[in-house]
Enquirer: 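Take this structure first; my questions come after.
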Amino acid sequence: MTEKELITSTIDRYTELQQIKKANGNHENELLDYFIKVTVAKLSSMGVNVEDITLK
């Protein structure tokens, strides 16, 4: 897997996690929050600005 493919795959995972979080509404899910935090850290380490792709 190339670096570009890895970044794309990680962005896809991040967007999927955000969609799940939004679908959960106000339901607290510590594991989901942890996965999002780890994915943000990975993307940041790859130089991706997650603020541009964060679901509001």
Side-chain angles (χ1 to χ4, degrees):
M1 180 179 285
T2 66
E3 183 178 353
K4 192 170 215 167
E5 290 171 327
L6 179 60
I7 291 170
T8 300
S9 175
T10 308
I11 288 172
D12 289 345
R13 177 171 172 82
Y14 180 59
T15 58
E16 290 165 359
L17 291 169
Q18 288 184 91
Q19 290 171 358
I20 293 167
K21 183 169 179 75
K22 186 168 186 166
N24 279 342
N26 292 331
H27 179 73
E28 176 104 11
N29 186 329
E30 290 181 21
L31 185 57
L32 178 59
D33 291 340
Y34 174 75
F35 285 146
I36 291 172
K37 186 181 283 190
V38 169
T39 305
V40 166
K42 287 179 182 180
L43 287 170
S44 294
S45 74
M46 294 180 221
V48 176
N49 183 356
V50 294
E51 290 180 19
D52 294 341
I53 59 173
T54 299
L55 187 62
K56 307 227 184 235

Enquirer: Would you find a donor on one side and an acceptor on the other, under 3.5 Å apart, between the side chain of Ser9 and the backbone of Glu5?
Expert: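 Side chain of Ser9 to backbone of Glu5, a donor-acceptor pair under 3.5 Å: no, none is there.
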Enquirer: Looking at every heavy atom in both Ile7 and Leu43, which two are closest together, and how far apart are they?
Expert: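 Nearest heavy atoms, Ile7 then Leu43: O-CD2, 4.2 Å.
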Enquirer: How far does CG of Leu6 sit from NZ of Lys42, to the nearest 0.5 angstrom?
Expert: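 So the CG of Leu6 and the NZ of Lys42 are separated by 8.5 Å.
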Enquirer: In sequence, state the C-alpha distance, the side-chain angles, and the governing distance for Asp52 and Asn49, and then conclude on side-chain contact (heavy atoms from CB on, under 4.5 Å).
Expert: CA-CA 6 Å; Asp52 294 341; Asn49 183 356; 3.7 Å; yes
Enquirer: Between side-chain atoms of residues 28-39 and protein atoms elsewhere (two or more places apart, or another chain), which donor-acceptor pairs fall under 3.5 Å?
Expert:
residue, atom, partner, partner atom, Å
Asn29, OD1, Leu31, N, 3.2
Asn29, OD1, Leu32, N, 2.9
Asp33, OD1, Lys21, NZ, 2.6
Thr39, OG1, Phe35, O, 2.7

Enquirer: Check whether any side-chain N or O of Gln19 sits under 3.5 Å from a backbone N or O of Leu55 as a donor-acceptor pair, and report yes or no.
Expert: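 Not a single qualifying donor-acceptor pair exists.
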Enquirer: Checking side-chain contact (heavy atoms from CB on, under 4.5 Å) for the pair Thr54/Tyr14: CA distance, chi angles, key distance, verdict?
Expert: CA-CA 9 Å; Thr54 299; Tyr14 180 59; 2.9 Å; yes
